[in-house]
Amino acid sequence: MSSIQVGIVMGSDSDLPIMEKCAEALTEFGVSYEMVVSSAHRHPEKTARYARGAADAGLKVIIAAAGGAAHLPGVIASMTLLPVIGVPIAIEPLQGVDSLYSIVQMPKGIPVATVTINGAYNAGLLAVEMLAMENEELKEKLNSYRQRLAAQVEKKDKSLREKMKSIRNLEQGEKE
Ligand code: RP5
């Protein structure tokens, strides 16, 4: 059994520029992953083989991305009990609304956790959160990540307040 925890499957190599953000999130948290190109329509046999073998191969979560008639995440979810996170990819001419609807509208019984259009980073982060349920170290890393986010908000708020203060001072000066 391999030590790879997350399988990132994409419908085409043209999805890679977006899906690199997913790999970035997993790398940030030290989570191992593999990237695979497969297609529900162009190579259904390969897709079925991958989905059916994923749990035995030791994977814990699958992230599947596709654009257009994006059936890849749902088809994979139908063939594994592993949690599947779907990433709708924006392509011409519908800019991802088609893939979002294709992925999010799963029939009752076969869920896919769908992130936003091109939301590859959040897909990676959600996989980390799933793995953190049984991993204290990951939990701690996620807590520090959240603290960094909060610190950024505080910094932006402080800078906005300072800007507003100097605008008010200027306006006051003009009136006098
Ligand atoms: C989908 O079709 C892929 O996931 C990709 O987003 C889109 C276009 O694929 P290519 O024509 O670029 O291979 O299945």
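Keep in mind it's a predicted model, so treat the numbers as computed, not measured. Just the heavy atoms: all of them, side chains too, but no hydrogens, waters or symmetry mates, feed the values below. In this chain, residues are counted from 1 in sequence order.
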Point to revise | Which atom of Val9 lies closest to which atom of Tyr50, heavy atoms considered | key: CG2-CE2, 3.4 Å
**Study point:** Stepwise side chain to side chain contact (heavy atoms under 4.5 Å, CB included) check, Thr27 with Glu24
**Key:** CA-CA 5 Å; Thr27 304; Glu24 198 183 289; 5.8 Å; no
**Study point:** ring-ring contact (aromatic ring centres under 6.0 Å, His included) partners of residues 63-97, not counting sequence neighbours, each pair once
**Key:** His41-His71
Check your understanding: Where is the tightest heavy-atom contact between Val37 and Asp13, given as atom of each residue plus distance?
Key -> CG2-N, 4.0 Å
Review point. Sequence neighbours excluded, which residues qualify as ring-ring contact (aromatic ring centres under 6.0 Å, His included) partners of His43?
Key: none
Exercise for review: With rounding to the nearest 0.5 Å, note down the distance linking CG in Leu94 to CG in Leu100.
Suggested key: 11.5 Å
Exercise for review: Report, as yes or no, whether the 6.0 Å neighbourhood of atom CD1 on Ile167 holds more than 12 heavy atoms from other residues, nucleotides or ligands.
Suggested key: yes
**Study point:** Non-neighbouring partners of Phe29 that pass ring-ring contact (aromatic ring centres under 6.0 Å, His included), sequence neighbours left out
**Key:** Tyr145
Review point. Between Val61 and Gln5, is a side chain to side chain contact (heavy atoms under 4.5 Å, CB included) present by the stated rule, with each step listed?
Key: CA-CA 7 Å; Val61 184; Gln5 296 163 287; over 6 Å; no
Check your understanding: Got a donor-acceptor contact below 3.5 angstrom from the Asp15 side chain to the Ser12 backbone?
Key -> yes
Practice item. Write out all pairs satisfying ring-ring contact (aromatic ring centres under 6.0 Å, His included) with one or both partners inside residues 83-112, taking only residues at least two apart or from two chains. Key: none
Exercise for review: Scan residues 161-176 for pairs that pass salt bridge (charged side-chain N to carboxylate O under 4.0 Å, His left out), counting only residues two or more places apart or in two chains.
Suggested key: Asp157-Arg161
**Study point:** Between Ser3 and Ser32, a side-chain donor and acceptor under 3.5 Å
**Key:** no
Revision key, fill the gap. Note: Ala40 and Thr47 closest approach over all heavy atoms is N-OG1, 3.8 Å
Study note, to complete from the structure: CG (Leu138) and CG (Leu131) are apart, to the nearest 0.5 Å, by 6.5 Å
Check your understanding: Do Ile89 and Leu72 sit in the same hydrophobic cluster, where Ile, Leu, Val, Met, Phe, Trp and Tyr count as joined when their side-chain heavy atoms come under 4.5 Å apart?
Key -> no
Practice item. Kindly indicate, with the supporting measurements, whether the criterion side chain to side chain contact (heavy atoms under 4.5 Å, CB included) is fulfilled by Lys60 and Val6. Key: CA-CA 6 Å; Lys60 300 281 182 270; Val6 178; over 6 Å; no
Point to revise | Residue pairs passing the salt bridge (charged side-chain N to carboxylate O under 4.0 Å, His left out) test where at least one lies in residues 87-108, sequence neighbours excluded | key: none
Review point. For Ile91 and Gly67, which heavy atoms make the closest approach, and how far apart are they?
Key: CD1-C, 3.9 Å
Practice item. Identify the two heavy atoms, one from Lys139 and one from Met133, that lie closest to each other, and give their separation to 0.1 Å. Key: NZ-O, 4.2 Å
Practice item. Kindly give the heavy-atom pair with the smallest separation between Ile63 and Ala127, and that separation in Å. Key: CD1-CB, 3.9 Å
Check your understanding: In chain order, what residues pass the side chain to side chain contact (heavy atoms under 4.5 Å, CB included) check against Ala51, with sequence neighbours excluded?
Key -> Ile76, Met79
Review point. Which pairs count as salt bridge (charged side-chain N to carboxylate O under 4.0 Å, His left out) when at least one residue sits in residues 116-132, sequence neighbours excluded?
Key: Glu129-Arg146
Check your understanding: Roughly how far apart are Leu26 CG and Ile4 CD1, rounded to 0.5 Å?
Key -> 12.0 Å
Review point. So how far is it from Ile110 CD1 to Ser78 OG, rounded to the nearest 0.5 Å?
Key: 6.0 Å
Review point. For the atom pair CE (Met164) and OG (Ser159), what is the distance rounded to the nearest 0.5 Å?
Key: 11.5 Å
Exercise for review: Answer yes or no: does atom NZ of Lys21 have more than 12 heavy-atom neighbours from other residues, nucleotides or ligands under 6.0 Å?
Suggested key: no
Anything under 3.5 Å between a donor and an acceptor, one on a side chain of residues 114-123, the other on a protein residue two or more places apart or in another chain? List them.
{"from": "Thr114", "atom 1": "OG1", "to": "Val112", "atom 2": "O", "distance (Å)": "3.3"}
{"from": "Asn118", "atom 1": "OD1", "to": "Ala90", "atom 2": "N", "distance (Å)": "3.0"}
{"from": "Tyr121", "atom 1": "OH", "to": "Glu28", "atom 2": "OE1", "distance (Å)": "2.9"}
{"from": "Tyr121", "atom 1": "OH", "to": "Glu28", "atom 2": "OE2", "distance (Å)": "3.0"}

Point to revise | Partners passing side chain to side chain contact (heavy atoms under 4.5 Å, CB included) against Pro44 (at least two apart in sequence or in another chain) | key: none
Practice item. Check side chain to side chain contact (heavy atoms under 4.5 Å, CB included) between Ala70 and all other residues, then give those that pass, not counting sequence neighbours. Key: Ala66, Ser99, Ser102, Ile103
Check your understanding: Can you tell me how far the CZ atom of Arg148 sits from the CG atom of Asn143, to the nearest 0.5 Å?
Key -> 11.0 Å
Review point. Could you give all pairs that pass the ring-ring contact (aromatic ring centres under 6.0 Å, His included) test and reach residues 77-97, with sequence neighbours left out?
Key: none
